[in-house]
There are 2 protein chains.
Amino acid sequence: MATMQDVARLARVSLSTVSYVLTGARPISQATRDKVLAAMAELDYQPNAMARGLASRRSRILGLLLPMDERGLGATETAFVTGAAAAANTAGYHLVLSPIGVGDLDELRRLASQRMLDGALLMEVQLHDPRVDVLRELSVPLVLIGRTADTTGLSYVDIDFDQTVEEAVEHLVGLGHRRIVYVNHSAETIAEGYGPATRTRDAFAVAMTRHGLEPLMIPAEDSAAGGRTALAAALRQAPDLTAILAMNESAVFGLVGELSSRGLSVPDDLSVISMVTSPQVAELATPALTAMNSPGSAVGRIAIETLLRHVDGGNGEIHQQLLPCALQVRGSSGPPRTGSNTAGNTGADGEQPAVPSTEAARRRAATRRRA
Amino acid sequence: MATMQDVARLARVSLSTVSYVLTGARPISQATRDKVLAAMAELDYQPNAMARGLASRRSRILGLLLPMDERGLGATETAFVTGAAAAANTAGYHLVLSPIGVGDLDELRRLASQRMLDGALLMEVQLHDPRVDVLRELSVPLVLIGRTADTTGLSYVDIDFDQTVEEAVEHLVGLGHRRIVYVNHSAETIAEGYGPATRTRDAFAVAMTRHGLEPLMIPAEDSAAGGRTALAAALRQAPDLTAILAMNESAVFGLVGELSSRGLSVPDDLSVISMVTSPQVAELATPALTAMNSPGSAVGRIAIETLLRHVDGGNGEIHQQLLPCALQVRGSSGPPRTGSNTAGNTGADGEQPAVPSTEAARRRAATRRRA
DNA sequence: GCGGTTAGTCGAAACGCTTCGACTAACCGG
DNA sequence: CCGGTTAGTCGAAGCGTTTCGACTAACCGC
């Protein structure tokens, strides 16, 4: 391993001159620069990261704090990661992914107070995320992918859930659907204050109300079983259901599976839209799911660019940005079945409510009449 | 940020004594040790990673080189990662994930020759993987998750594909299946020499031949569409097909989707087994897939432990280990339909058979009636 | 032709740790 | 009682950079 000293000797210049060629911190004549660069090439010199980090108090390492549960990384999250990694490399930084969740605060504190990170990107941000406090306390620059409840003084990049939900509802209502159920993450996840869950919940309520419709929502565990259970619950609570909007990527598979088990066809009997989903995942289902395409790698790239502005500038303006998901119509959405109310009588675990709620009954009647 | 100097002053000992307390490189009396530890606690001292790395020529960072394509990380790979991260943390190392594939050799060379990595774990190893050469040349200790063609002098942890395939075939044959198709990764992937694809291909040929059966194999793109196409091809080539063994997690979803579109039921008309699959993913399908459960986090843990032996020992014995997948029977496998050859008539892809085979028709009708 | 910049270079002092050699006591066997 | 270990501690020399202050020449406007 050649050192800077070796390069300096070979180029017949001083050690500091070599350093200035590398960092550009002071002007160097073209002639000298060429000599130095030639020497570097000849020796195949690579600066030692540790020495550089010690002297400059900059590690050139950015952390991507990425809780990993047993479900794995969805294609959506992966796109964020690759976008961020590419942007970091372009800027000459290394991006290290640390599978650190809100449970590993000690590990995070260790990582940060060892001055190993120039800055951090947080994923899977919770409304009250203790990782934010830890990093601020240790004055590590940070950018969120997602949002906390109080974002004053914090930079973030997030998905525009309000607009995404609204657009999805718009699509369904435009097709003629009136009875739409929103399948969210689990009740526990919502209670924990997981942003995407709570924000879409609120946005759905607003959007439906604005259309004069009742915002019916059902939580679902993040699993196929959760989706099946949620579907059963949905059909029980709203037998006249014609469309489902699902936030929960895992559940949506169980949900469509259960639909076909019950002999209900998508989209003829029921339309399904999957929210914030990558095209690859949407295509996995049969039929392919109409979905709100996640903005993908752009999220990661913008987050890194913002973070670098904080790291380099020292100050760096606060940057808060929301990116919308684009509706992509595939095979799982269409106009509601006219004529008969297909979903209504689907018994299975569903005995009909002996006395349906008046609201539901009236709506059902209305639907029938229109048909 | 307190430094070691501060700790030494407060504890009234020399700088080197503090260091020895930390590293344990020399014996320290209990009394002194206590003084030093007290001082550290009081100052909330954390060693500076860069300084430590510079002086010791050890970064305490291990790299996990992890190509990330747009499909994202499956639950299987994620389990490897979390297992590895946990094991590394336990040993006082940081694990950094670098989304570096065989295409980013320059980035890898940069990372490695900057002496930023004490060792590396390679995932998604190809039969002739240039990353191995780069790391060896720079004498970075490495352990593979997967295998190259020539493994002399290399430590690795991999899945025992031979046994896994054999067990899966055994299960199907034991149920009475004779006509079994293996759905592999794409022809291109196989040609590239992707280990799991080529090894399972060979193992399937061996296993089937040993049972006196013809080893019919079909490649499939890693997507739902690929699975649908593969199913069509399989039914065309082997109309009397009763079971499918699938290596391709993405394709298997398209495959079962296409089955249900064609009115074929799983497992009555066709049994499906998914290879090297995590329980979470297997449960996503309807019915849940009988699968060979991937060994999960154990792979990552063992790989890290092996790597650390190389890093610490300097020499470290070569360690090569294969872990089997365990068969877990779920809803997608069962005995073949006796009597009639159900799949037989399912004609050219797409249109329904003009005269459905009796069995399939009855089922389909039954399903409809239930609706 | 003179003070004041500016470009270009150098030497040396950090940066915060590890580790080697050396030293002092205490302890051992013979 | 003496040479040889061993436990425990210290001082100092690195590790390979960055960066600060200083120096020399050349150049500026007037």
Side-chain angles (χ1 to χ4, degrees), chain A residues 1-37 39-40 43-61 92 94 110 112-116 118 311-312 314, chain B residues 1-37 39-40 43-61 92 110 112-118 311-312 314:
Chain A
M1 283 288 111
T3 75
M4 232 162 95
Q5 192 59 261
D6 302 329
V7 175
R9 233 186 326 261
L10 183 58
R12 304 185 172 287
V13 297
S14 81
L15 186 57
S16 46
T17 300
V18 178
S19 175
Y20 290 130
V21 168
L22 231 45
T23 62
R26 288 200 183 172
I28 293 290
S29 73
Q30 191 58 47
T32 308
R33 181 191 315 279
D34 290 346
K35 273 194 303 183
V36 171
L37 291 177
M40 284 183 178
L43 295 174
D44 199 17
Y45 168 77
Q46 285 283 48
N48 178 303
M50 296 293 147
R52 178 187 281 233
L54 177 58
S56 66
R57 260 137 301 193
R58 287 285 199 76
S59 65
R60 301 190 146 266
I61 297 179
H94 296 290
R110 235 177 71 202
S113 53
Q114 291 183 154
R115 310 273 82 178
M116 183 160 268
D118 283 354
V311 170
D312 290 339
Chain B
M1 286 284 114
T3 75
M4 231 163 94
Q5 192 59 261
D6 301 331
V7 175
R9 236 187 323 261
L10 183 59
R12 305 185 170 289
V13 297
S14 82
L15 185 56
S16 46
T17 300
V18 178
S19 174
Y20 291 129
V21 168
L22 230 45
T23 63
R26 288 200 182 170
I28 294 289
S29 73
Q30 192 57 46
T32 308
R33 183 191 314 278
D34 290 345
K35 272 193 305 184
V36 171
L37 291 176
M40 284 183 178
L43 295 175
D44 198 18
Y45 170 77
Q46 285 284 57
N48 177 303
M50 295 293 147
R52 178 187 280 237
L54 178 57
S56 66
R57 261 137 300 189
R58 287 284 199 76
S59 64
R60 300 189 147 267
I61 298 179
R110 235 177 71 201
S113 52
Q114 290 184 153
R115 309 274 81 176
M116 183 160 266
L117 261 34
D118 283 354
V311 170
D312 290 338

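Quick caveat: nothing in here was measured; it's all calculated off a predicted structure. Protein chains get the first letters and strands the later ones, always in sequence-line order, with residue 1 at the start of each.
- Taking only side-chain atoms of B:Thr17, from C-beta outward, the nucleotide of D:dT9, D:dT19, C:dT9 with the closest atom is D:dT9.
- Contact of the A:His94 side chain with the B:Gln114 side chain is registered, since non-hydrogen atoms from C-beta on lie closer than 4.5 Å.
- For A:Ser14, a side-chain nitrogen or oxygen approaches OP1 or OP2 of C:dC10 to under 4.0 Å.
- Closest contact between the side chain of A:Thr32 and the listed nucleotides D:dT18, C:dC17, C:dG8 involves C:dG8.
- Between the CZ atom of B:Arg12 and the P atom of D:dT9 there is a distance of 16 Å, rounded to whole Å.
- When distances run from any side-chain atom of B:Ser56 to the nucleotides C:dT18, C:dC10, D:dT17, the shortest one goes to C:dT18.
- No side-chain heavy atom of A:Met50 sits less than 4.5 Å from a side-chain heavy atom of A:Leu54.
- With D:dG16, D:dG21, C:dT19 as the choices, the nucleotide that has an atom nearest any side-chain atom of B:Ser19 turns out to be C:dT19.
- Look at A:Ser29 and you won't find any side-chain N or O under 4.0 angstrom from OP1 or OP2 of C:dA7.
- Rounded to whole angstrom, the span from the CG atom of A:Asp34 across to the C1' atom of C:dT9 amounts to 16 Å.
- Nucleotide D:dG16 holds its P atom 16 Å from the CE atom of B:Met50, rounded to whole Å.
- With B:Val21 as the fixed residue, the side-chain contact (heavy atoms from CB on, under 4.5 Å) test singles out one of B:Arg26, B:Arg33, B:Met4: B:Arg33.
- We find that CG of B:Leu22 is positioned 16 Å from P of C:dG16, with the value rounded to whole Å.
- Side-chain contact check for A:Thr3 versus A:Asn48: every heavy-atom pair is 4.5 Å or farther apart.
- Note on B:Arg57: every side-chain N or O is 4.0 Å or more away from OP1 and OP2 of D:dC15.
- The side chain of A:Ser16 lies closest to C:dA12, out of D:dG16, C:dC17, C:dA12.
- Looking at the side chain of A:Arg26, the nearest of the listed nucleotides D:dC20, D:dT17, C:dG8 is D:dC20.
- Rounded to whole angstrom, the span from the CG atom of B:Asn48 across to the C1' atom of D:dT17 amounts to 13 Å.
- Nearest-nucleotide positions on DNA chain D place B:Leu15 closer to the 5' end than the other of A:Arg52 and B:Leu15.
- The interatomic distance linking B:Arg115 (CZ) with D:dC15 (C1') rounds to 14 Å, in whole Å.
- C:dC15 atom P lies 14 Å from atom CG of B:Leu54, rounded to whole Å.
- Comparing A:Gln5 and B:Val13 by the nucleotide of DNA chain D that holds the closest heavy atom to each, the one mapping nearer the 5' end is B:Val13.
- Taking every side-chain heavy atom of A:Tyr20 into account, C:dG11 is the closest of C:dC15, C:dG11, D:dA12.
- We find that CE of B:Met4 is positioned 15 Å from P of C:dC15, with the value rounded to whole Å.
- Between B:Tyr45 and B:Leu22 there is a side-chain heavy-atom pair separated by less than 4.5 Å.
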